[in-house]
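To start, the structure under review is shown below, and the notes come after it.
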Amino acid sequence: MHILITGGAGFIGSHVVRHLVTTYPQYTITNLDKLTYAGNLENLRDVEDSRNYRFVRRDITDSAAMLELFEKEGFDGVIHLAAESHVDRSIASPTEFVMTNVLGTVNLLNAARAVWKEDFSGKLFYHVSTDEVYGALGNKDGAFTETTSYDPHSPYSASKASSDHFVRAYHDTYGMPTVISNCSNNYGPYQFPEKLIPLFINNIRNNKPLPVYGKGENVRDWLWVVDHAQAIDVIYHNGEPGETYNIGGRNEWKNIDLIRLLCRIMDRKLWRVEGKSEKLISYVTDRAGHDFRYAIDSSKLQKELGWLPSLRFEEGLEKTVDWYLENQEWLDHVTSGEYQRYYEEMYGE
Ligand code: NAD
Ligand code: DAU
């Protein structure tokens, strides 16, 4: 079995690569990544020498390069994570999101279709998507299910919604075996410190302000990233082609409550007087089009494929803080740009 993972040098992708490389030594795992600002090969130091792992630096917007790679390698399956993933960046420069998230996905689908031709037996194109395609929930109960209508609001979620539609279209039109999963907010080690949790850990560590958008009342549903990687494994191996699976932990937190909890954990870990980190909170202008609440109903995945999240959030957040404090070199390399030299050191290009 030869699986192509795209975006494997990013946050979630690196956990998926690590999980598959170590769980399935009999598989070959090829990690394809452009190494944008979000791609960091230091995320994979512990598995980079594994015999069943290899890395190729490619851009999914390059259709000829995708076709050439598929023709050379064949691939039995694709787990597609490569994307522009940060909502704030999509508000500042939407076109890049169309190029990578929409066109890049279509290029991969075309390359897979050209090489797999009409014989799709034993093949699978797995597209990793987000709960943001469903839009926003109000200040009440209720959660997104697999049949919730798409209603994206940000350029990021619009581009992910579009890519989901293309994946479904290739299943319905050409019979390509595809699956899609839509997951809620992930947290854990190796997340780029532009996203809420690692940004705030880094700012607290450096006594810098914590920019809370609006009143901090928006709600997100948080999932330990390793649980997401495990769900992807379960869906890849046991999911039904043509189906969609929602992934989430039913773990909703108002941003400000999460931030206060994080401040308390950081005070304790850094031996600071309780309440010191909270003083760094600074309310700033809200994100444009800020979705109010996300919540995922993953009962289909739980009932049909037996997946369950493994960690309570308080425990996972504490583990996350411990990881960033024990790996301050990783954080310093990311914030200084040092991490971008690692590819040349490793691959000499
Ligand atoms: P990330 O930004 O950390 O990583 C994205 C990776 O894709 C990087 O390694 C980057 O170099 C690579 N990449 C970007 N453009 C590329 C291109 N043109 N060609 C090849 N590689 C390219 O993202 P993440 O948070 O790990 O998210 C991974 C996937 O999961 C995305 O598709 C995202 O939409 C989805 N997702 C993320 C979350 C979350 O909470 N982070 C939740 C649900 C779904
Ligand atoms: O729901 C899944 C999505 O979760 C993924 O598809 C995206 O790729 C991922 O980036 C994430 O999107 P969010 O926009 O929810 O994540 P972010 O960490 O950027 O923000 C989380 C919440 O915190 C959100 O309500 C905005 C708020 N926030 C964020 C930042 C970076 C702040 O208040 N201040 C900040 O500085």
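Each ligand, and each atom within it, is numbered from 1 in the order the structure gives. These figures come from a predicted structure and were not determined experimentally. For this chain, numbers begin at 1 and follow the sequence in order.
Each of the following atoms of ligand 1 lies closer than 4.0 Å to a heavy atom of C183: 42 (C), 43 (C). Those atoms of ligand 1 with a heavy atom of N185 less than 4.0 angstrom away are 40 (O). Heavy-atom contacts of K34 reach the following atoms of ligand 1: 16 (C), 17 (C), 18 (N), 19 (N), 20 (C), 21 (N), 22 (C) (cutoff under 4.0 Å).
With a heavy-atom cut-off of 4.0 Å, H80 does not touch ligand 1 at all.
Closest to atom 21 (C) of ligand 2, if we only count protein heavy atoms, is L196 CB, 3.9 Å. For atom 24 (C) of ligand 2, the nearest protein heavy atom (residue, atom name, distance) is H290 NE2, 3.5 Å. Looking at atom 16 (O) of ligand 2, its nearest protein heavy atom turns out to be N185 ND2, 3.5 Å. Of all protein heavy atoms, the one closest to atom 31 (C) of ligand 2 is E194 O, 3.3 Å. With hydrogens left out, the protein atom closest to atom 8 (O) of ligand 2 is S85 O, 2.7 Å, a heavy atom.
When the heavy-atom distances from atom 37 (C) of ligand 1 to T6, T130, I12 are ranked, the shortest goes to I12. The option from Y213, F144, F200 that lies nearest to atom 28 (N) of ligand 2, judged by heavy atoms, is Y213.
Sorted by first and then second residue, the ring pair (Phe, Tyr, Trp, His ring centres under 6.0 Å) pairs with a member in residues 95-129 read H80-H127; sequence neighbours excluded. The ring pair (Phe, Tyr, Trp, His ring centres under 6.0 Å) pairs that include a residue from residues 17-54 are Y24-Y27, Y24-H237, Y27-H237, Y37-F192, where partners are two or more places apart or lie in different chains.
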